[in-house]
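Atoms within each ligand, like the ligands themselves, are counted from 1 in listed order.
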Amino acid sequence: MPETPGEHVVPRVGRVWGFLDHWASRTPDAPLDELDGTGRAPRTYRQAADDVARCAAALRASGVRAGDRVAVLTTPRPEFLTVFLALSRIGAVWVGLNPRYTRDELLHVVTDSEPVLLVSLAEHAGRSYAEDMAALREAAGSVRETVALTGSFPGAVPFEEFLARADTSPLEEPPGGAGSDDDPGLIIYTSGTTGRPKGALISHRALAEGCRLQATRVYHSPSVSLANLPVGHVAGLMDVVSVPLAMGGAVCFMEDFDPAAIPGVIERAKVTLWGQIPTMFQLVMARPEAAEADLSSLEYIAWGGAPLPRELVAPLRATGARLISVYGLTESCVSVAYNEPDADEETLATTVGRPDPRLELRIVGEDGEPAAPGAPGEIQVRNPCLMSGYLGLPEATAEAFTEDGFLRTGDVGVERPDGTIMLVGRLKEMFKSGGYAVYPREIEMALEAHPGVAAAAVVAVPDPVFHEVGAAFVVPRPGSGAGAEELVRHCRDRLAGHKVPKHVEIVEGLPLLPTGKVDKAALRRAFTASP
Ligand code: AMP
């Protein structure tokens, strides 16, 4: 492979904090981050290094040690980056809580990950988190303290007060007891076949090395990345934040996905790297603001998580940016295949590009042997960035890997003669709605918890905006009278928005396979055939 552009510029470090340390000493006055591209002076690398040192000292003064978990509920904003890098610096473990999670979903993550500290926004988008945090603290005996990252709420120490603890107990230099780079640095919750999200453990080194590998692919300077993806997932933590940090670039945060505001922010902040889930591009490019704004600062437009609709290729290319797709999964941490900027429209819309030649990728047929070119098989990957396993789930961890250490992606792919890979199906039941992984079993369990439901089956069906959405087929209990609307409301109370089924059909019975399992293919056909 030809040398990647940032090969000699992006440093090799053992944990993401090392990127900040590296660039703060070389380009201390370079901008690091800002919120909403308001034109106010961005925080520089030097300032951020000071903020992170202070936060790290405050964490240590509060008894947080290497290996301890800290659960943080935040939107993408500079305070998030401060806490994220401070945890990295002292070797503690980041657990991101999605502000859109329901109380039930938050409870699962917190009781499973057992953090010593909870950090949360006081409120966001009209939701106050005070009661959620009180409930989490009561449910998880591990939590010693709650910190209000913004604002204040009862039972929480305001962030400024928390940081002031650093003044009386500064961080020793270099910080001792920061653990090993091979210990977990992140726990990312990803939905599971069993219905409960599983925590994928990613080591400090896996994340840092993944950032280095990706940063060399999209290296350009000076860079400004737009970061508006949730910080509990790989894309929001790594692709749009830590990868730009690895290149010494700047990050422009936006707390929410706001399609009308994005073009203006790109213009004002002179964003050069715009990474989104394809559905998001669709929603932005359909806005009149996208046609009116000057998007010529864009150098790279990147997407992953789902295929890009073909009709988006031309308008995105018209901005003058290079288009690049990444393919990976939570458990792989790093992107393992890329569509290159010179790929044609057909290749961009139908393939995930070519495997990164620096990493191992194989396609394995049902017989366990490498699939012949052109024949479908499971994509399996091996590299130093893979997750170390699922928290507390040795069986699920063992199932995720082959004996020789390849991660089973569950994606079925075909290698085309030009070396690009086309995804043709999945071995796992997961589907992607608006770029988010959804497991039907989790929705079925939520539906089955309704007193009026006797049985429920959920399948993925195509959707013009979200690519795929859940369609639920529900058999009611006799005389219950629970209708589709009531069931959607019920799901909304229990599941984050992208998991709520968009279609609910009340049926008398579910079609079964000879094995007694629900015949989901028949349900999918029934959905397509219904008017
Ligand atoms: P997640 O763990 O939520 O990141 O989901 C990972 C899954 O998203 C993969 O196993 C693929 O099925 C899908 N995926 C990731 N990247 C792409 C891409 N560029 N194009 C199509 N599907 C993708």
(request) Can you pull out the closest protein heavy atom to atom 5 (O) of ligand 1? Residue, atom name and distance to 0.1 Å, please. (result) Lys432 NZ, 2.9 Å
(request) Report, in ascending order of atom number, the atoms of ligand 1 lying under 4.0 Å from any heavy atom of Leu423. (result) 21 (C), 22 (N)
(message) Within a 6.0 Å radius of atom CD on Glu366, are there more than 12 heavy atoms belonging to other residues, nucleotides or ligands?
(response) no
(message) Taking a cutoff of less than 4.0 Å between a non-hydrogen atom of the residue and any ligand atom, is Gly305 in contact with ligand 1?
(response) yes
(request) For Tyr189 and Glu105, test the side chains for any donor-to-acceptor distance below 3.5 angstrom and give the result as yes or no. (result) no
(message) Could you tell me, atom by atom, which parts of ligand 1 come under 4.0 Å of a heavy atom of Arg426?
(response) 12 (O)
(request) Report yes if the distance between the aromatic ring centroids of Phe84 and Trp17 is under 6.0 Å, otherwise no. (result) no
(request) Fit a plane to each ring of His233 and Tyr101, take the angle between them on a 0 to 90° scale, and name the class: parallel (under 30°), tilted (30 to 60°) or perpendicular (over 60°). (result) perpendicular
(message) Heavy atoms only, cut-off 4.0 Å: how does Ala306 contact ligand 1, side chain, backbone, both, or neither?
(response) backbone
(request) Kindly identify the option in Thr330, Ile379, Val234 whose heavy atom sits closest to atom 2 (O) of ligand 1. (result) Thr330
(message) For atom 6 (C) of ligand 1, what is the closest protein heavy atom, and at what distance to 0.1 Å?
(response) Leu329 CB, 3.4 Å
(request) Examine Thr409 against ligand 1 and note whether any of their N/O atoms are separated by less than 3.5 Å. (result) no
(message) Main chain of Ser223, side chain of Thr272: is a donor-acceptor contact present, judged purely on distance under 3.5 Å?
(response) no
(request) Under 4.0 Å from a heavy atom of Met430: give me the atoms of ligand 1 that qualify, with their elements. (result) 7 (C)
(message) I'd like to know whether ligand 1 has Gly328 as a neighbour, heavy-atom separation below 4.0 Å.
(response) yes
(message) Check this for me, if you would: do Glu346 and Arg416 make a salt bridge, where the nitrogen-to-carboxylate-oxygen distance has to be below 4.0 angstrom?
(response) yes
(message) Check this for me: does any side-chain nitrogen of one of Arg441 and Glu448 sit under 4.0 Å from a carboxylate oxygen of the other?
(response) yes
(request) Would you confirm whether the ring centroid of Trp303 sits within less than 6.0 angstrom of the ring centroid of Tyr327? (result) no
(request) Tell me which part of Ser325 gets within contact of ligand 1: side chain, backbone, both or neither, using heavy atoms under 4.0 Å. (result) neither
(request) With the side chain counted from C-beta on, respond yes when Val461 and Glu468 share a heavy-atom pair under 4.5 Å apart, and no when they do not. (result) no
(request) Determine the minimum heavy-atom distance between Val251 and Ala227, stating which atoms define it. (result) CG1-CB, 3.6 Å
(request) Just jot down the ligand 1 atoms closer than 4.0 angstrom to any heavy atom of Val326, in number order. (result) 16 (N), 18 (C), 19 (N)
(request) Quick one: look up the protein heavy atom nearest atom 9 (C) of ligand 1 and list residue, atom name and how far away it is. (result) Asp411 OD2, 3.2 Å
(request) May I ask you to list the atoms of ligand 1 that are less than 4.0 angstrom from any heavy atom of Tyr327? (result) 11 (C), 15 (C), 16 (N), 17 (C)
(request) Check ligand 1 against Pro307 and write out every atom of the ligand that is under 4.0 Å from a heavy-atom position of the residue. (result) 20 (N), 21 (C)
